[in-house]
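Everything on this sheet refers to the single structure shown next.
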Amino acid sequence: MNLAPTEEQKLLIESVERFVEKDYPFEQRRELAASELGYSADHWATFAELGWLAIPFPEDQGGLGGSITDSCLIAEQLGRGLVVEPYLWTVILGGHLLSRSGRGDLVEQIATGVLQTAFGFAEPTSRYNLASVETSAADSGGWRLNGHKAVVFNAPAADTIIVTARTAGDPRDEEGISLFLVDPKDPGVTLRDYPTVDGLRAAEVILEDATGELLGDAGAAYPLVEETIDRGIAVVCAEAAGIMHTTLQMTREYTAQRKQFGVPLSKFQVLQHRMADMFNLTEQSISLSWVAAVKAESEDSLERARACSAAKVFIGKAGRQVGQESIQMHGGMGMTEEMPISHYFKRLTLIDTLFGNRDHHQRRYSDLLDDKRFAA
Amino acid sequence: MNLAPTEEQKLLIESVERFVEKDYPFEQRRELAASELGYSADHWATFAELGWLAIPFPEDQGGLGGSITDSCLIAEQLGRGLVVEPYLWTVILGGHLLSRSGRGDLVEQIATGVLQTAFGFAEPTSRYNLASVETSAADSGGWRLNGHKAVVFNAPAADTIIVTARTAGDPRDEEGISLFLVDPKDPGVTLRDYPTVDGLRAAEVILEDATGELLGDAGAAYPLVEETIDRGIAVVCAEAAGIMHTTLQMTREYTAQRKQFGVPLSKFQVLQHRMADMFNLTEQSISLSWVAAVKAESEDSLERARACSAAKVFIGKAGRQVGQESIQMHGGMGMTEEMPISHYFKRLTLIDTLFGNRDHHQRRYSDLLDDKRFAA
Amino acid sequence: MNLQESPELQSFREEVRAFLADNLPPDIKQKMEMGQSLKKDDYQRWMKILAGRGWLAAGWPEEHGGPGWTPAQRYIYDEEYGRHSCPRVLPFGVTMVGPVIIAFGNEEQKAEYLPKIANSDVWWCQGYSEPGAGSDLASLKTKAVKENGHYIVNGQKTWTTMAQYADWIFCLVRTSDEGKPQEGISFLLIDMKTPGITVKPIVTMDGGQEVNEVFLDDVKVPVENCIGDENKGWTIAKYLLGHERTGIAEVGKSRRQLQRVKDIAAAETIDGMPLIEDTAFRGKIAEVEIELLALDATILRMVSAEGAGKPPGPEASLLKIKGVELQQAITELLLEAIGNYGSPYIREAMDHGWNEPPIGPEYAAPVAPHYFNWRKSSIYGGSNEVQRSIIAKMVLGL
Amino acid sequence: MNLQESPELQSFREEVRAFLADNLPPDIKQKMEMGQSLKKDDYQRWMKILAGRGWLAAGWPEEHGGPGWTPAQRYIYDEEYGRHSCPRVLPFGVTMVGPVIIAFGNEEQKAEYLPKIANSDVWWCQGYSEPGAGSDLASLKTKAVKENGHYIVNGQKTWTTMAQYADWIFCLVRTSDEGKPQEGISFLLIDMKTPGITVKPIVTMDGGQEVNEVFLDDVKVPVENCIGDENKGWTIAKYLLGHERTGIAEVGKSRRQLQRVKDIAAAETIDGMPLIEDTAFRGKIAEVEIELLALDATILRMVSAEGAGKPPGPEASLLKIKGVELQQAITELLLEAIGNYGSPYIREAMDHGWNEPPIGPEYAAPVAPHYFNWRKSSIYGGSNEVQRSIIAKMVLGL
């Protein structure tokens with residue numbers, strides 16, 4: 001029982017930290033976010049070289065046999081630098097779906113940095129319900145898909161897109177959901193690309209008689225989808241914890257150098273106490289994201305769900321307060337596109353809506369209150 | 001359209017203010033709360049003399065034909081002095097039920113100060129649902145009542161107790177509820193008296209084949225019960241607004257005289273800003289209680305319900321924050337029975353649970369969102 | 001105490017309602033309802049329409065071109081105005097420099113400037129903030145030196161909203177370094193066409209370009225353009241902070257925005273039912289709505305007191321704090337309501353006339369940028385921190 | 001990083017669990033579960049039982065009579081302890097004066113006092129606060145003047161918890177007026193039987209009489225009773241504030257109390273269904289429970305760091321703030337849960353052995369008084385304001 005990084009994990013943390021500090025100045029992040037691709041292919045190759053992309057996969061699939069906890073510790077450091085590279089989408093979501101579906105061939109390509117993936121799990125009216133799938137797949141000597149997958153992150157850069165589609169059942173049934181690989185260049189697949197408010201890339205993916213390659217067993221994908229999204233939640237919570245850390249840091253530094261009425265802002269007691277609250281929220285977010293990381297690979301799906309939803313609720317709330325306070329204390333300067341703080345704020349804000357917001361996960365968590373195994 | 005006291009109302013306010021300031025020092029309140037009766041019969045006679053008890057009743061029932069707004073303005077001032085006399089229970093609840101039921105004879109006795117009443121509307125498992133009535137009444141040549149009315153304020157001093165009882169329908173039906181007068185000295189009536197945490201008196205009223213005198217039509221009392229409790233809400237909101245006013249005043253004064261680290265507490269920016277929040281909450285509570293007062297006698301029951309529930313929600317929340325902050329800023333002193341502030345805090349806390357707490361009224365209010373006539 | 005409107009007020013309300021409904025150009029109305037960006041021309045057209053009716057300078061006395069309304073009329077006007085999807089009346093002329101000229105200007109200045117404001121002939125902007133000054137206004141550094149009947153002004157202003165469109169700017173400048181920092185400040189009116197003025201946009205985090213830096217480089221300003229006495233500008237600055245406070249909460253606009261939350265929540269689905277039927281979300285709407293009622297009641301109380309001759313004091317800081325907090329809470333509810341579609345960001349999608357189909361529902365595009373943009377409201381115009389300190393000191397005497 | 005307990009820790013947990021379950025006297029357990037008042041004897045009996053097992057001084061090293069546990073063992077012990085309905089171990093001896101004597105006492109003092117604390121032979125109380133001092137501890141006025149091998153102590157202490165039962169009191173006293181206020185303070189141990197000591201109860205707003213004023217009137221204290229150097233008491237006071245912080249949040253107790261909320265909410269009805277099925281109330285329980293998880297995770301992180309040799313620093317102020325906020329939030333949930341029955345107040349109903357039937361449900365009587373009483377927790381032991389300032393200054397360097 002030890003909620004602290006191992007010696008090996010410390011080395012990993014240091015290597016990501018070094019990358020962010022030396023190779024990822026904020027100006028570069030700004031340029032990458034505005035570039036055609038939306039991230040740096042060179043950096044991605046570096047991630048592959050350093051083994052970061054291979055970590056969570058089993059060795060027989062070309063991975064390093066690491067844990068999701070390792071990935072979370074990477075994500076926490078990437079969050080500190082507000083890194084835009086598609087680690088979450090390709091490695092954590094796509095990689096896990098492929099790995100669990102026995103597609104070691106593709107996992108190996110992810111690990112070596114040559115394959116980008118995206119996961120379309122949401123639809124225009126699904127909101128945060130993963131079982132709300134209206135996209136349909138029919139087998140007529142090969143699967144054909146029809147439907148609309150909404151806000152698919154990293155789809156513009158993806159070599160292959162994984163989507164949920166219904167092969168049986170009613171709109172919100174957990175049974176009858178299947179996973180398919182679709183090729184973005186397939187004539188039945190239309191992508192409408194766009195940037196997102198937090199500097200990433202996504203697309204609406206429209207499927208019109210698109211060719212799909214079934215992943216795993218037909219109709220039985222829901223548990224894997226939920227598990228994958230829970231892992232995504234652990235990773236994005238770690239990213240958020242890293243963002244909060246830097247946000248507090250920036251606020252401390254700004255208020256210490258900025259004077260008002262002849263005194264640095266950091267000497268105003270009101271701001272001191274509010275920064276103390278930011279500190280408390282940030283530290284607890286880090287702690288809880290670590291617990292979620294460890295439990296994200298629990299074999300007990302209830303324990304996993306509980307820990308991930310709890311972290312998402314807490315970090316959604318903490319991120320809101322830490323983000324808003326940081327802008328308020330930066331005053332007018334915090335409102336500008338020029339200051340990095342505003343970008344940290346935007347990402348932190350949008351993380352709450354990713355994979356289900358605070359309300360969604362508070363409901364999911366409290367629904368688990370009934371379970372006998374549950375005790376605070 | 002004028003949300004300000006009229007000249008007449010100003011005189012009324014001044015007379016109550018004068019009474020509280022001159023004749024109601026806090027030490028007396030403490031003694032009265034601890035006395036056998038729990039309030040002062042002399043003060044009650046004074047209230048009658050000054051006409052305060054007659055104000056909201058029609059002239060043909062011995063009243064002064066005033067409004068519930070007048071009563072609210074009285075209650076706000078009484079709240080400032082944390083007055084324990086049973087104005088709310090006898091005049092606002094009992095008086096209104098009797099007045100609307102055509103019992104001018106009893107109303108006149110209330111107006112002259114010779115009759116005390118209590119209203120038993122709650123039961124052990126009813127929580128805040130006024131229609132949740134399990135006490136039953138059967139007519140066998142005279143009504144006989146059986147049941148348990150919970151936490152009936154002023155019952156220990158009441159000459160007559162008004163209760164809800166079911167004469168038809170299922171436990172939570174609005175139809176089938178009737179009002180009865182019962183005599184506390186009736187052998188079928190058992191009172192278990194007790195003081196309350198906020199310095200008042202109440203009783204559990206157990207009815208075992210108790211004789212009841214029907215008030216109004218059998219089975220049709222629910223609208224009057226709801227209207228009466230809404231008026232009670234307006235009055236208790238006004239009382240709470242008055243309490244908050246004094247609470248803030250005391251906190252200002254205490255922090256101004258109490259030094260810490262060589263400086264008066266009131267000079268600490270953190271406390272200044274928190275007192276500014278207390279001010280904002282207090283002022284808005286006063287404003288909203290005035291609106292509730294005016295709308296409490298609206299003929300449109302939806303408008304009435306909306307305004308009273310809104311006020312109860314806001315004042316429940318504001319009272320919680322203002323109360324807790326006042327204790328925190330008084331430090332250890334605020335924790336003592338000796339300091340008046342702790343008594344203001346206790347009353348403010350309990351007002352939230354009276355007639356339905358914040359959650360209850362937020363639900364009631366949001367259920368009204370559907371109504372076509374509703375617009376913010 | 002009563003909430004009944006007199007027949008006169010009722011018919012006044014009808015008159016306002018009818019005028020606004022009949023005269024708001026449909027294209028502007030549509031932009032407002034979709035939350036799209038307004039252009040210079042949109043503001044100008046609408047303000048001219050109001051000016052034509054004599055209602056642009058709504059808070060002014062009749063003698064200077066205002067309607068001369070009572071506080072109660074003004075309250076009703078604000079309420080109705082907020083209920084309709086009208087563009088805001090830009091405050092720089094009508095509620096800022098205009099009242100200053102009325103209170104402190106000489107007869108020539110009044111005759112020169114006031115009619116052009118009331119008629120919307122001139123676009124004003126505000127030159128208060130400076131880099132590094134923030135809430136500490138008195139630390140301003142822009143210098144004005146008197147030379148042969150002119151001031152020569154040098155310095156830099158910032159956060160100047162819509163300076164790119166402005167014909168004139170009113171500035172606080174330093175005319176003396178003696179005494180306390182508050183003592184050497186003067187209030188100048190400057191023609192934006194004067195040589196030496198450069199405007200540079202500041203891009204805000206929502207991608208907007210509404211605010212600017214204004215550089216003043218040896219700008220020649222006639223001495224007649226000084227309002228009030230030289231070195232007495234601080235009195236004017238304080239006057240301005242205290243003026244027109246009951247309108248500051250923008251309750252009417254918040255009501256309209258909350259209605260938008262309800263409309264969107266009725267259109268969005270959660271587990272197959274409308275979001276507005278979800279207990280948690282309904283509860284949040286109810287919470288904000290109740291707070292809005294409390295704020296509105298407080299305004300009405302102040303308006304009633306004002307009608308009885310008691311001008312609003314520093315208590316009005318309450319209105320700024322709560323008004324802004326509720327506006328911000330509503331931008332959060334909007335963002336929550338649209339779920340996954342808070343993410344897409346296509347700048348042009350916020351412009352009227354963008355021809356492509358929307359990403360997700362049509363109402364989604366401006367929501368997140370608006371949330372980001374509106375964080376400014378608790379910072380500018382006297383930050384919420386400054387307002388709390390005003391209450392603590394001026395009202396509570398702490 | 002892992003959350004698996006080693007087999008050793010698992011069996012340790014079993015051992016703790018079994019001991020607590022088997023040895024807590026049933027009458028004390030019942031009082032705890034009903035929230036009734038504990039008497040002096042209840043505390044003493046229970047602390048003697050723990051002492052008998054060697055677990056009373058849970059944080060002490062073995063050489064002084066403690067179990068010498070690792071931080072992880074201590075964490076598990078605290079967790080299990082909180083899970084059972086055990087009375088709290090009074091901190092004055094075991095976690096306050098004991099560690100001070102261990103750190104600053106001489107050999108004679110250690111031999112004299114420590115065994116009696118570890119065995120629960122002596123009841124201690126704390127003489128820190130004074131009237132008018134509050135969080136500003138250094139402004140204390142109680143004076144100790146040295147005379148013929150004794151200090152003569154005069155002054156007044158306040159908020160002294162359970163002084164009426166105490167055998168000894170440890171006091172901060174002023175032994176010099178020179179230098180900064182922090183510099184002339186000494187730490188004295190005083191036998192409560194010494195002539196000149198008067199204890200007067202303070203009634204708190206919940207009706208309780210747990211705290212007291214302690215008057216010291218020419219009280220003779222042998223100079224050997226000074227811990228550490230004369231005039232160096234401030235160092236000790238600071239040490240005490242920083243000691244034993246990970247236990248301060250009382251997460252285990254909050255968990256148990258939250259379980260009580262759930263039990264009561266399962267028993268209470270709302271519109272015919274159990275309150276716990278009400279969406280709003282469930283949501284509140286979930287919210288507190290999630291915050292408790294976050295706090296617990298933070299403690300575990302600190303414990304893990306401590307196990308690796310990094311002692312808890314001023315970050316531990318976080319634990320005090322959040323621990324207390326959650327305890328208070330739970331007292332509010334309890335009050336909400338019981339609805340109308342928050343009002344009745346019969347002092348005796350909170351005592352064990354009260355023979356009359358309860359007013360309303362049996363669990364209701366102590367709820368409101370407990371809520372009132374627990375407001376103190378954000379005031380004493382370094383108020384939440386002081387803790388925030390510690391974080392701001394010591395952790396964030398503001």
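Residue numbering restarts at 1 for every chain, and letters A, B, ... go by the order of the sequence lines. Fair warning: this is a prediction, and the values are worked out from it, not measured in the lab.
The most heavy-atom pairs under 4.5 Å with chain B, out of C:Gly397, C:Ala392, C:Gly307, come from C:Ala392. Contacts with chain C were tallied for B:Arg358, B:Lys317, B:Gln269; B:Lys317 has the most, counting heavy-atom pairs under 4.5 Å. Between chain B and the residues C:Glu291, C:Glu385, C:Met1, the largest count of heavy-atom pairs under 4.5 Å involves C:Met1. Of the listed residues (B:Asp70, B:Asp277, B:Thr255), the one with the most heavy-atom contacts under 4.5 Å to chain C is B:Asp277. Per-residue counts of heavy-atom pairs under 4.5 Å with chain C were compared for B:Lys295, B:Arg252, B:Arg363, B:Gln249; the largest is that of B:Arg252. When B:Asn280, B:Val313, B:Leu73 are compared by the number of non-hydrogen pairs under 4.5 Å with chain C, B:Asn280 comes out ahead.
Contact of B:Gln9 with chain C is made through the side chain alone, with heavy-atom distances under 4.5 Å. The part of C:Gln4 that comes within reach of chain B is its backbone (N, CA, C, O), which places non-hydrogen atoms under 4.5 angstrom from that chain. For chain C, the nearby parts of B:Thr6 are the backbone and the side chain; heavy atoms of each come within less than 4.5 Å. Of the two parts of C:Ile76, only the side chain, counted from C-beta on, holds a non-hydrogen atom closer than 4.5 Å to a non-hydrogen atom of chain B. For B:Ala256, no part lies near chain C; criterion is any non-hydrogen pair under 4.5 Å. Only the side chain of B:Leu248 has a heavy atom closer than 4.5 Å to any heavy atom of chain C.
Interatomic distance, B:His273 NE2 to C:Ile321 CD1, rounded to the nearest 0.5 Å: 8.5 Å. Here OG of B:Ser309 is found 7.5 Å from CD1 of C:Ile290. Values are rounded to the nearest 0.5 Å. Within the model, atoms CG of C:Leu3 and CG of B:Asn2 stand 9.5 Å from one another, a figure rounded to the nearest 0.5 Å. For the atom pair OH of B:Tyr365 and CD of C:Glu289, the computed distance is 3.5 Å after rounding to the nearest 0.5 Å. To the nearest 0.5 angstrom, C:Asn2 atom CG is 9.0 Å from B:Met1 atom CE. In this structure, CD on C:Glu287 lies 11.0 Å from OG on B:Ser366, to the nearest 0.5 angstrom.
When all heavy atoms of B:Leu288 and C:Ala294 are compared, the closest pair comes out as CD2-CB, 3.7 Å. Across C:Ala297 and B:Leu3, no two heavy atoms sit closer than the pair O-CD2, 3.4 Å. Contact detail for B:Ala310 and C:Leu293: the closest heavy-atom pair is CB-CD1, 3.8 Å.
Shown here are the ring-ring contact (aromatic ring centres under 6.0 Å, His included) partners of B:Tyr254, two or more places apart in sequence or in another chain: B:His330.
Formation of a donor-acceptor pair under 3.5 Å by the C:Arg388 side chain with backbone atoms of B:Gln272 is not found in this model. A donor-acceptor pair under 3.5 Å is formed between the side chain of B:Gln362 and the backbone N or O of C:Gly283. Listed for the C:Arg301 side chain is a donor-acceptor partner under 3.5 Å among the backbone atoms of B:Glu283.
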Donor-acceptor pairs under 3.5 Å, side chain of residues 10-17 of chain B to any protein atom, not counting sequence neighbours: which ones?
unit_1, atom_1, unit_2, atom_2, d
B:Lys10, NZ, B:Glu7, OE2, 3.3
B:Ser15, OG, B:Leu12, O, 3.2
B:Ser15, OG, B:Trp52, NE1, 3.4

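Taking a 6.0 Å sphere around CD of B:Gln257, one finds it holds more than 12 heavy atoms contributed by other residues, nucleotides or ligands.
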